[in-house]
Amino acid sequence: MPDYRLTVCTGKEQRFLSPCQQEGTSMYKVLLVDDEPSIREGLTTIIDWEKYSFQVMATAGSGREAIACFNEIKPDLTIIDIRMPGMTGLEVIEEIRQHEPDAHFLILSGYADFDYAKKAISFGVDGYLLKPVDEEEIIAELERIAGQLHQEQETQARYAGEDTAYREHQIEALLYDSLQGKGSKEEDGLGLHWPQYQVILLEIHATLDLQRGNEMKRKLIEAFDQKNRGIVFSYHSGLGLLIKEAVTQNTSSQNLYDELQTLLEEWNVHMYASAGEPVQSTAEIARSYTQASSLMAERFLFTEQRIKRWDEGRLSPSSAESNGMGVEADGVQEPDEVELADKLYYALDIRSSESVMRVLGEMEERLIPYHWTEQAIKTAFSQVFSLAFNKLAAANQHMQSIMQDHSVLINEVYHQFTMADLKAMAAEHLNRLIHRMGGGSTDTVMKQMIDFIQRNPGENLKLEVLAEVFNYNSSYLGKLFKNHTGESFNAFLDKVRIEKAKVLLDEGLKVHQVASRVGYANVDYFHGKFKKYVGESPSAYKQSRSQSHTRVTNHHDNEDE
């Protein structure tokens, strides 16, 4: 049962007077404002307020006190003196109207203030009472306003209480009609008379069945519809709010986000929220919705735990598709996914978690500006992962689980909600793979480089790429390598490749097959390199080895005879 108590707003303290409550009766709250204490006292006692469904909740002796008290008790009716020192009644009404346009006021005025009172009526007050106040006159005003308040309550009950589904359907119809170019409903048709309207969209991720989803929605309805703060509605990706207290700053967007998280915390949800621009009429609500929806499409790259607003910096979509070129209009070069896959493979092959993190960072830096959209970014990451895993599986055929790991990783890529989630998931997955492959290498960088070259002579190895993988300056790494091996990187790589080529030629592979297998795309170039290091061409080497093998075979056959 409500506890109605009269409050005296003095500006310094609030003194509660005797309780006055009536079982089973809906009372309309009244605030009395007059700078004369005798008038305030007289008004509280001259009328049997409860008889006419009113309850005097508080009194105030000045304009500033009235505003403070109004904000606290939210009265249904304010009876206010038109002339008060410091801040007049008109100024009080004007300030309150900025936030509460539907508030009800009766003004008190003397005969000398009649013209002033007429001006007050133009402010949209409900009426005025002449001093000294006549009991019958004030009763007539109270009865009239009580009837008006009763009608408003019924309307609010229809929209915010028993019939929230009706309002939700009205909002959904308004959005659909507006977005389809069919026009929109007027404020009266929606039962909304707000100073502004703003759409907030929520994309909620949680393991929910239909019943729990409805419970979650009812929780929001209790907090917004039933407290006349807004309207909860459904949209294709989640839930929406049409609110009248706009979210326009980081603080307010953070506060509302935190409130929503608290309301839904029992369901352990993962939530993203976006806000369209506040608009002045219901005809513009669709514009606010469109802005919020457009922002939600970018939530993959928005990692802050708050509501993203329409007036914040927007991302620019790639124009690569439109211009049909490999370079975007703003000069962003199309990323080489094969090169990125090579770097990731190298990092995995040397079993370096640090290198893997650097490659993932480079993937983020190069893939996002070009691809931009969530689906395109996920596809690009998947392609890089696939290429790297294919190479890793080919080089580690004894590890059959690598391709199974690949399938798990690709599947997880498409289940991540944000770029930060994707990167963290990939790092954890790849580090687990490194651990299963033998853990992080403790060898020196030179030992790792030499082992890597010997394991991968057929790769398109470049000192610059390896320098990035090992996090070295390429010139400095080249000097370290020469000091350690006595040869330049390219010379050492050629020798390793030629040694591998000799083995493959001995196995019977054709010259062009060997050239490709050891990293030489041009057969003539391979011929030149082979002759430089072996002293004869690959064909001559193969023929001589074949003849040598034949002589050895014949010798053994003769001995057997």
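Predicted model only: the values in this text are computed from it and were never measured.
For the salt bridge (Lys or Arg N to Asp or Glu O under 4.0 Å) criterion with Lys423, the lone passing option out of Glu428, Glu412, Glu365, Glu364 is Glu364. The only option from Ile79, Ile145, Leu77, Ile96 that meets the side chain to side chain contact (heavy atoms under 4.5 Å, CB included) definition with Phe105 turns out to be Ile96.
Salt-bridge check for Arg97 with Glu94: failed, with every basic side-chain N at 4.0 Å or more from each acidic carboxylate O. Ion pair Arg358/Glu362 not flagged as a salt bridge, since none of the NZ, NE, NH1 or NH2 atoms sits closer than 4.0 Å to an Asp/Glu carboxylate oxygen. Ion pairing of Glu100 with Lys74 is present here, as a side-chain N (NZ or NE/NH1/NH2) and a carboxylate O approach within less than 4.0 Å. Between Glu339 and Lys343 there is a salt bridge, with a side-chain nitrogen of the basic residue lying less than 4.0 Å from a carboxylate oxygen of the acidic one. Under 4.0 Å is where a charged nitrogen must lie from a carboxylate oxygen, and between Lys217 and Glu222 no such pair does.
For the atom pair OG of Ser274 and CZ of Phe302, the computed distance is 9.5 Å after rounding to the nearest 0.5 Å.
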Intermediate values then yes/no, side-chain hydrogen bond (donor to acceptor under 3.5 Å, both in side chains), Tyr257 and Gln305: CA-CA 8 Å; Tyr257 184 91; Gln305 296 296 298; 2.8 Å; yes

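Among residues two or more places apart in sequence or in another chain, the ring pair (Phe, Tyr, Trp, His ring centres under 6.0 Å) test is passed with Phe417 by His205, His270. Residues passing the ring pair (Phe, Tyr, Trp, His ring centres under 6.0 Å) test with His406 are Phe389, sequence neighbours excluded.
Residue His104 comes nearest to Leu149 through the heavy atom pair CD2-CD2, 3.5 Å, listed as atom of the first residue, atom of the second, then distance.
Within 6.0 Å of atom CD in Gln249, 12 or fewer heavy atoms from other residues, nucleotides or ligands are found, so the atom counts as exposed in its surroundings.
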